[in-house]
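One structure is given here, and the rest of the page talks about it.
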Amino acid sequence: MRRKSLFPQVVIDRDTESEESSSEEEEEANVVLPEEERVQKGKTPITITLKKVCKVCKKSGHEAGFRGATYIDCPMKPCFLCKMPGHTTVTCPHRVATEYGMVPAPHKNTTNPLEFVFQRQLHPRLPPIKPAHVIPDQVHCAVIRYHSRRVTCLEFHPTNNNILLSGDKKGQLGIWDFGKVHEKTVYGNIHNCILNNMKFNPTNDGSIYAASSDGTISCTDLETGISLSLMNLNPNGWEGPSSWRMLYGLDVNSDRSVVLVADNFGYLYMADIRSNNKMSKPTLIHKKGTKVVGLNCNPLQPDLLLSCGNDHFARIWDMRCLEAGSSLYNLEHKRVVSSAYFSPLSGSKILTTSLDNRIRVWDSIFGNLDYPSREIVHSHDFNRYLTAFRAEWDAKDSSESLVVIGRYISENYDGAALHPIDFINISTGQLVAEVMDPNITTISSVNKLHPREDILASGSSRSLFIWRPKKLDIALPREEKRMVLCGEVSKKRNKKHGDESDDDSKYDIVRSKDNSLKQKKLASKSSSYKSRRS
DNA sequence: AGAAAATGATCCC
DNA sequence: TGGGATCCCTTTTC
C-alpha cells in the first residue's frame, strides 16, 4: 500500500490462451490507467498485459524462443530441422529416430555417361570396417584466437602434422603450430576481404593458393609471407556491386598444373601454375549471375570437376571438353549447395551440403546420378553471419563413410545450449558422435579432419580449436549408440584473469560470460562420454 | 545491460 | 528482372 503511493501500480496480467486480435497492439504491452487511481494519488497506476506473442509469427497463444537452454519452435512454421510442416524440431522424426535423419532416395537404373569418361581403375574399394581409432571417446581441446573476423576456411599442412592454416573474413591467413600451442603467424596483407578457399601447392609444401572475395588468387610463401597474385578480376577497383567479382572454390588440377576458381557470376577461371598467369577466357558453369561456391577436382581423375553453387545445383564436368552447358551431370538440390566433394580416396562418391538441411550422398558416380543414394537430414541451414557449413570427408576412413559437419541448432546439454560438431556415417545416415565443449557456446561451422592423425580442427566465430582424443585404443560401440564427446579445454596459460578480451593474439580458453553456472554443472561430466536419447 | 551492426539467401511485387 | 522486405536457435562491440 505504501509502495502504491510511491510508485505507479504495475499489474502484470499473463494471457495463457489465444486471442484473435490484430497483432500490432499485442506486441506492445497494454497500458491501462484507471481513472480513480490517477485522480486520488496523483500517480499513475499502470496495468501491463503481457500476452504470449510469438516473436517468429507474431501471433498470440504460443511463444517461440529459448526456454532455458531448449529452443521452442514456432508451431506455425515448418519444422526448423527437416523443413516439413506439421511438427516442430522437438518432435521431428529426424531428430528422434534411431537412424538419425536418413531418408532413402529412390533408385532408377539408367546408364550414366560418366562410365564412359572414367576408367575402370576408379572402381571403389569398400572395406566394411572403419578403423577403430577414427573417433575419439574423449577429447582434449586447444584454443587459439588470433583472427579479427570469423574463420572461413581451414587447411592442414600436407606434410607437417602440426600445422593448421586458417583464413578469415578479413582476408587474413593464419598459420598455427598447434604442437607448440602458442606458435602462430598471421599474414594480414594478402587479401583485403574474405578468404574463401585455399589449397596447398601440390608441388611445393611451402606455398598455398587462396581465393578471395577481393577477386584475386594469391600464392603465398608460408615462410616469408611473400605473396604473388595470379589473377585479379577487379583491376579497376570498386565500380559497384554489379561488377565486383569475388572468387570462391579454389582447387588445383595437378595434371594440368592449373589453379581453378569460380566467381559470384557463375564463371570458372583457370590460372597456370608455372607461368602464374590467367588462362584463356572464363567459362559459364552455373546459372549466369549466381555464385559458384565450391570446386573440387576428382582425386584420381583430376579432369573430372565437381562444382556447386547458389543455383541449387552441383555439376560434374569433364575438363577435356569444358564449355558452357557441357556438364556431364547436374545434381539437383532444393536450395543453395554450400559444398560438393568427391570422396577423397576412390573419388567415386559424392557428398554435398545444401541449405535445405540435407547432406546428400551419391554412392557411385558410375551408378545412377539422377537421385542421391541418401539424403541425411541435418541442421546446418543458417540465417546469416556464419560461414556456410560444409560436410567434410575423413580421408583416413578407408570405407569413405565418415563425415564431419558442425550443427546449427543447439541441444540442451545439462542446462547449456551447445552446438555440437557431428560425426555422421553417410552410408547409414547415423549420427556416430557429437563433439562439444561446455566452454564453447558458439557455432562451429568450419571443420576439417586431419588427413593423417586423429585430430579435428574447428573454426568457430573468430576462434580456432584443435580436438584430439585422450585415448586411441578404446573399442567404440559406434553402430549401437551415439556418443556425446565432451571436450576439456586446455587450461594452459590461463592464469591471467584480468585482460582477457582485447588481445587478439593470445592463447586462451574461451569463456562465455553468461555461462559460468552451466560450466560448473557440466564440469563433473566433461571428462566422460555418455550416450543419450537411448 | 542492452542495442546496434554486420550482411546473405529468398521471396514478393 | 530487380530492389526492398524478411528471415529470425549469431556474435561482437559499444
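By convention in this document, chain letters (A, B, ...) are assigned in the order of the sequence lines, proteins followed by strands, and residues within each chain are numbered from 1. Side chains included, hydrogens not; waters and symmetry mates left out as well; all remaining heavy atoms used.
- When side chains are defined from C-beta on, A/Val336 does not count as touching A/Lys291, because their heavy atoms never get closer than 4.5 Å.
- Computed from coordinates, the A/Asp168 CG to C/dT11 C1' distance equals 15 Å when rounded to whole Å.
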Atom pairs, N/O to N/O, protein against nucleotides 7-9 of chain B, distance under 3.5 Å?
{"residue": "B/dT7", "atom": "OP1", "partner": "A/Lys169", "partner atom": "NZ", "Å": "2.3"}
{"residue": "B/dT7", "atom": "O2", "partner": "A/Arg384", "partner atom": "NE", "Å": "3.4"}
{"residue": "B/dT7", "atom": "O2", "partner": "A/Arg384", "partner atom": "NH1", "Å": "2.7"}
{"residue": "B/dT7", "atom": "N3", "partner": "A/Arg384", "partner atom": "NH1", "Å": "3.4"}
{"residue": "B/dG8", "atom": "O6", "partner": "A/Arg384", "partner atom": "NH1", "Å": "2.4"}
{"residue": "B/dG8", "atom": "N1", "partner": "A/Arg384", "partner atom": "NE", "Å": "3.4"}
{"residue": "B/dG8", "atom": "N2", "partner": "A/Asn383", "partner atom": "OD1", "Å": "3.4"}
{"residue": "B/dA9", "atom": "OP1", "partner": "A/Lys291", "partner atom": "NZ", "Å": "2.7"}
{"residue": "B/dA9", "atom": "OP1", "partner": "A/Asn310", "partner atom": "ND2", "Å": "3.0"}
{"residue": "B/dA9", "atom": "O5'", "partner": "A/Asn310", "partner atom": "ND2", "Å": "3.4"}

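- Within a 6.0 Å sphere centred on NZ of A/Lys287, other residues, nucleotides and ligands contribute 12 heavy atoms or fewer.
- The side chain of A/Arg462 has C/dT13 as its nearest neighbour among C/dT13, C/dC8, C/dT10.
- In this structure, A/Phe178 and A/His450 have perpendicular ring planes: the angle between them is above 60°, well past the 30° mark.
- Residue A/Thr442 has no polar side-chain atom (N or O) positioned under 4.0 Å from OP1 or OP2 of C/dT10.
- Taking atom NE2 on A/His147 and atom C1' on C/dT11, their separation rounds to 16 Å, with Å as the unit.
- For the pair A/Arg407 CZ and C/dC9 C1', the interatomic distance rounds to 12 Å; values are reported in whole Å.
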Checklist entry - Please, what dot-bracket string fits DNA chain C when only Watson-Crick and G-U pairs with both distances under 3.5 Å count, crossing ones use [ ] and pairs to another strand use |? => result .||||||..|||||

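- Across all strands shown, A/Ser410 has heavy atoms under 4.0 Å from base atoms, whether or not it also approaches the sugar-phosphate.
- In this structure, a donor-acceptor pair under 3.5 Å is present between the side chains of A/Thr353 and A/Ser339.
- Atom P of C/dC14 sits at a distance of 15 Å from the matching atom of B/dT7, rounded to the whole Å.
- Side-chain atoms of A/Asp370 and A/Tyr329 include a donor-acceptor pair closer than 3.5 Å.
- Side-chain contact check for A/Asn234 and A/Arg245: no donor-acceptor pair (N or O, by modelled atom type) lies under 3.5 Å.
- Look at CD1 on A/Ile72: it is 12 Å from P on C/dC9, rounded to the nearest Å.
- Counting to the nearest Å, the C1' atom of C/dT6 and the CG atom of A/Asp381 are 14 Å from each other.
- Taking atom CD of residue A/Glu63 and atom C1' of nucleotide C/dC9, one finds them 15 Å apart after rounding to whole Å.
- Screening A/Arg358, A/Arg360, A/Arg390, A/His333 for a side chain to side chain donor-acceptor pair (under 3.5 Å) involving A/Thr352 leaves a single residue, A/His333.
- Shown here is A/Glu332, whose CD atom has no more than 12 heavy atoms of other residues, nucleotides or ligands within 6.0 Å.
- Nucleotides B/dC12 and C/dC8 are separated by 13 Å at their P atoms, to the nearest Å.
- As a whole-Å value, the separation of A/Asp356 CG from B/dT10 C1' is 14 Å.
- Of the N and O atoms on the side chains of A/Ser444 and A/His419, not one donor lies less than 3.5 Å from an acceptor on the other residue.
- Between A/Tyr71 atom OH and C/dC7 atom C1' the separation is 11 Å, expressed in whole Å.
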